[in-house]
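Here the structure comes first, spelled out in structure tokens, and everything after it is commentary.
Quantities reported herein were computed from a predicted structural model and do not represent experimental measurements. The residues of the chain are indexed from 1 along the displayed sequence. All values below were derived from every heavy atom in this structure, side-chain atoms included, with hydrogens, water molecules and symmetry-related copies excluded.
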Amino acid sequence: MEIKFAEVCDASIIHDIMIKAFMEYKDEVPPSSALEETVESISSALKENEKGFIYYLDEKPAGMVRFQSTENGLYFYRLSVIPEKQGQGIAKWLIHSLENYAKEKQVPALICKVRLTLPKNIKLYNSAGFKVIKEEVVHKPNGINIKVVSMEKQL
């Protein structure tokens with residue numbers, strides 16, 4: 001097992017892991033916008049201020065997370081584990097790596113948003129010490145509203 005800091009040249013690896021993981025949500029209304037992302041959009045984001053970690057198992061990519069610093073803490077998103085490796089603690093290793101990075105950078109909290117329709121993801125973050133700090137509705141340009149919770153872990 002190894003966790004590496006993502007580089008721009010890793011955009012295709014990140015995209016591949018994310019698409020495999022997020023296909024589970026293709027029938028959500030609306031489907032996750034992660035499924036609309038491209039290698040190019042991820043590459044551009046990494047060139048800007050986005051960062052990421054990639055989890056390797058037996059030298060093969062099995063999980064990843066993308067993140068950036070905000071005024072409130074380290075905001076992470078698109079945490080993804082390929083389906084055949086889910087349930088093996090990879091997501092928790094990625095969260096642990098985020099915690100270590102945030103502590104190094106003296107960032108006070110980890111923050112994420114989770115759809116209310118995905119209770120297993122809320123449960124995962126609760127088990128890692130996150131608390132729901134607010135519920136909100138995200139308004140998509142297509143007129144569809146998505147109920148989400150913001151979750152936070154103070155460091």
Side-chain angles (χ1 to χ4, degrees), residues 2-19 21-22 24-25 28-56 61-81 86 89-155:
E2 183 179 17
I3 295 178
K4 293 183 181 176
F5 206 77
E7 297 182 32
V8 174
C9 63
D10 295 322
S12 62
I13 294 170
I14 289 170
H15 182 261
D16 184 58
I17 295 168
M18 183 182 70
I19 294 300
F22 276 78
E24 175 181 352
Y25 310 122
E28 289 284 319
V29 179
S32 173
S33 58
L35 297 170
E36 298 170 11
E37 289 199 63
T38 64
V39 172
E40 292 75 26
S41 67
I42 294 167
S43 179
S44 293
L46 288 168
K47 286 177 186 172
E48 296 297 321
N49 62 348
E50 183 175 283
K51 296 178 179 17
F53 288 125
I54 303 172
Y55 180 104
Y56 290 86
M64 71 87 197
V65 64
R66 296 160 60 191
F67 60 95
Q68 51 189 289
S69 294
T70 69
E71 61 187 46
N72 299 322
L74 196 69
Y75 178 68
F76 70 94
Y77 40 93
R78 307 291 199 229
L79 185 113
S80 306
V81 176
Q86 291 177 4
I90 293 171
K92 287 195 176 174
W93 273 107
L94 288 164
I95 292 167
H96 183 68
S97 295
L98 289 167
E99 288 177 21
N100 288 340
Y101 178 85
K103 287 175 185 174
E104 275 178 29
K105 301 293 181 185
Q106 299 180 328
V107 176
L110 294 179
I111 305 160
C112 66
K113 290 187 180 192
V114 184
R115 286 187 189 205
L116 272 172
T117 57
L118 303 176
K120 78 172 187 170
N121 293 357
I122 295 170
K123 184 178 176 183
L124 165 71
Y125 296 126
N126 277 330
S127 73
F130 286 77
K131 305 285 183 234
V132 172
I133 55 169
K134 77 175 175 182
E135 247 183 69
E136 61 186 303
V137 176
V138 174
H139 305 284
K140 292 292 187 179
N142 59 7
I144 295 177
N145 298 325
I146 303 170
K147 291 182 181 178
V148 300
V149 289
S150 291
M151 300 187 76
E152 183 177 280
K153 180 176 185 177
Q154 291 293 320
L155 301 176

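With values rounded to the nearest 0.5 angstrom, R66 atom CZ is found 11.0 Å from I54 atom CD1. Atom-to-atom distance recorded for D10:CG and D16:CG is 12.0 Å, nearest 0.5 angstrom. Here the straight-line distance linking atom NZ of K113 with atom OH of Y77 works out to 12.5 Å at 0.5 Å rounding. Interatomic distance, M151 CE to K153 NZ, rounded to the nearest 0.5 Å: 11.0 Å. Taking CG from L124 and CZ from F130, the interatomic distance works out to 8.5 Å, rounded to the nearest 0.5 Å. L79 CG to K92 NZ: the interatomic distance, rounded to the nearest 0.5 Å, is 12.0 Å.
Side-chain contact between L118 and E28 is present, with at least one heavy-atom pair separated by less than 4.5 Å. Side-chain contact between P108 and L155 is absent, with no heavy atoms from C-beta onward closer than 4.5 Å.
A donor-acceptor pair is defined here as one N or O able to donate and one able to accept, closer than 3.5 Å; no such pair exists between the side chain of S32 and the backbone of L35. Remark: side-chain polar atoms of E2 are not paired, donor with acceptor, to backbone N or O of Y56 under 3.5 angstrom.
Closest approach of L110 and A102 over heavy atoms only: CD2-CB, 4.0 Å. I144 and P30 get closest at one heavy-atom pair: CG2-CD, 3.3 Å. Nearest heavy-atom pair across V149 and L116 is CG1-CD2, 3.6 Å. P61 and I13 get closest at one heavy-atom pair: CB-CG2, 3.6 Å. Closest approach of A21 to V81, counting heavy atoms only: CB-O, 3.4 Å. Looking at every heavy atom in both residues, A109 comes nearest to Q154 through CB-NE2, 3.8 Å.
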Under the criterion side-chain contact (heavy atoms from CB on, under 4.5 Å), I'd like the reasoning laid out for E7 against L46: C-alpha separation, chi angles, the key distance, then a yes or no. CA-CA 7 Å; E7 297 182 32; L46 288 168; over 6 Å; no
Could you give me the CA-CA distance, side-chain angles and deciding distance for T117 and K147, then say whether side-chain contact (heavy atoms from CB on, under 4.5 Å) is met? CA-CA 8 Å; T117 57; K147 291 182 181 178; over 6 Å; no
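The pair E50-R78 fails the salt-bridge criterion, with no side-chain N (NZ, NE, NH1 or NH2) lying under 4.0 Å from an Asp/Glu carboxylate O.
Here the rule is ring pair (Phe, Tyr, Trp, His ring centres under 6.0 Å) with F76, and of Y101, F53, Y125, F67 only Y125 fits it.
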